[in-house]
Amino acid sequence: QVQLVESGGGLVQPGGSLKLSCAASGSIFSVNAMGWYRQAPRWQRELVATITRGGSTNYADSVKGRFTISRDNAKNTVYLQMNSLKPEDTAVYYCNADTIPTGSYYSYGYWGQGTQVTVSS
C-alpha cells in the first residue's frame, strides 16, 4: 500500500504565501513524477504543477512566476511554495505521485486526500 499525506493548507490573505507538503509512504520501490492539482467548487480538477524525479518542472499558466514546485527524493516528498496568492487560487489542493510499489513492474498514480487553501481578506 502507498499513502500520500498532504499538509500546509489554510486561510491566507490575498498577496500572502503558503507552502504545501506531500509525503509518500508505504511499500514504495520508486517514485517517478509528482505533482499538484487543485479543484475549486463547481470546477474540474486542474493541473497546477508537476516535477520529474530529475527535477524538470511544468506549471499551469495561471501560477507561473508565483508558485514553485520542488521535491526531496530521499524523503519521497513534494512541496509547493505559493506566493502572491489570489482569491482565485482558493481550492482543494491534491498531490499525485506516479509510484512503483515494491514488487511491482508497473507504476500507478496515487492521490492524497487533499488540503484546503482559502485566499480571502
Side-chain angles (χ1 to χ4, degrees):
Q1 286 282 20
V2 175
Q3 299 85 35
L4 271 62
V5 178
E6 299 125 334
S7 61
L11 173 64
V12 64
Q13 292 187 342
S17 298
L18 281 175
K19 186 173 184 177
L20 307 182
S21 301
C22 172
S25 63
S27 299
I28 296 172
F29 174 73
S30 179
V31 179
N32 300 325
M34 303 182 81
W36 289 95
Y37 295 73
R38 66 187 181 186
Q39 187 167 16
R42 300 179 299 278
W43 287 82
Q44 289 187 334
R45 190 173 298 187
E46 63 175 1
L47 180 147
V48 176
T50 61
I51 184 167
T52 67
R53 185 171 182 82
S56 296
T57 59
N58 179 55
Y59 295 92
D61 287 343
S62 59
V63 306
K64 283 181 181 177
R66 300 188 298 122
F67 291 9
T68 302
I69 190 171
S70 60
R71 65 187 286 171
D72 184 332
N73 290 334
K75 296 180 179 179
N76 290 328
T77 299
V78 63
Y79 307 96
L80 186 68
Q81 177 66 47
M82 305 184 293
N83 298 328
S84 301
L85 282 160
K86 304 175 181 180
E88 51 263 44
D89 294 317
T90 296
V92 178
Y93 284 69
Y94 298 89
C95 74
N96 176 271
D98 182 44
T99 304
I100 302 175
T102 302
S104 174
Y105 291 106
Y106 305 103
S107 66
Y108 302 89
Y110 292 90
W111 291 92
Q113 81 285 355
T115 185
Q116 177 71 45
V117 172
T118 302
V119 184
S120 176
S121 55

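Tyr108 and Ile51 fall within the same hydrophobic cluster, defined by Ile, Leu, Val, Met, Phe, Trp and Tyr side-chain heavy atoms under 4.5 Å apart, directly or through other members. Note: the hydrophobic cluster containing Tyr105 also contains Val2 (ILVMFWY, side chain heavy atoms under 4.5 Å, direct or indirect links).
Between the side chain of Arg38 and the backbone N or O of Val117 there is no donor-acceptor pair closer than 3.5 Å. In this structure, Asn58 contributes its side chain and Thr50 its backbone to no donor-acceptor pair below 3.5 Å. Looking only at distances, no side-chain donor or acceptor of Gln81 sits under 3.5 Å from a matching main-chain atom of Lys19. Remark: the backbone N or O of Tyr106 is paired with a side-chain donor or acceptor of Ser104 at under 3.5 angstrom.
A salt bridge links Lys64 and Asp61; the closest N-O separation between the charged side-chain nitrogens and carboxylate oxygens is under 4.0 Å.
Summarising the local packing, CD of Glu88 is surrounded by more than 12 heavy atoms from other residues, nucleotides or ligands at distances under 6.0 Å.
Nearest heavy atom pair, residue Ala97 against residue Met34, reads CB-CE, 4.1 Å. Residue Ser121 comes nearest to Pro14 through the heavy atom pair N-CD, 3.7 Å, listed as atom of the first residue, atom of the second, then distance. Residues Leu80 and Ala49 share a closest heavy-atom pair of CD1-CB, 4.4 Å. Minimum heavy-atom separation, Cys95 to Val78: CB-CG1, 4.5 Å. In terms of heavy-atom proximity, Asn73 sits nearest to Arg53 at ND2-O, 3.1 Å. Between Thr90 and Val119, the shortest heavy-atom contact is OG1-N, 2.9 Å.
Note that CG of Asp89 is 11.0 Å distant from OG1 of Thr118, once rounded to the nearest 0.5 Å. Rounded to the nearest 0.5 Å, atoms CE (Met82) and OH (Tyr93) are 5.5 Å apart.
Here the side chains of Trp36 and Glu6 are in contact, with some heavy-atom distance below 4.5 Å. Contact annotation: the side chain of Tyr59 approaches that of Ile69 to within less than 4.5 Å [non-hydrogen atoms, C-beta and beyond]. Counting heavy atoms from C-beta on, the side chains of Asn76 and Arg71 never come closer than 4.5 Å. At least one side-chain heavy atom of Asn32 sits less than 4.5 Å from a side-chain heavy atom of Ser30. In this structure, Leu20 and Ser7 have side chains that are not in contact, with every pair of non-hydrogen atoms separated by 4.5 Å or more. By the 4.5 Å heavy-atom criterion applied to side chains, Asp98 and Val31 are not counted as neighbours. Using a 4.5 Å cut-off on side-chain heavy atoms (C-beta onward), Asp72 and Tyr79 make contact. Residues Pro87 and Ser120 fail the side-chain proximity criterion, which asks for heavy atoms closer than 4.5 Å.
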Quick one, Asn96 with Tyr110, criterion side-chain contact (heavy atoms from CB on, under 4.5 Å). Give me CA distance, side-chain angles, the key distance, then yes/no. CA-CA 6 Å; Asn96 176 271; Tyr110 292 90; 5.9 Å; no
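A donor-acceptor pair shorter than 3.5 Å can be found between the side chains of Ser17 and Asn83.
Residues Phe29 make up the rest of the hydrophobic cluster containing Ile100, defined by ILVMFWY side-chain heavy atoms closer than 4.5 Å, directly or through other members. With a 4.5 Å cut-off between side-chain heavy atoms of Ile, Leu, Val, Met, Phe, Trp and Tyr, the cluster of Trp111 takes in Tyr37, Leu47, Val92, Tyr94.
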Under 3.5 Å, sequence neighbours excluded: what are the donor-acceptor pairs made by side chains of residues 21-28?
none

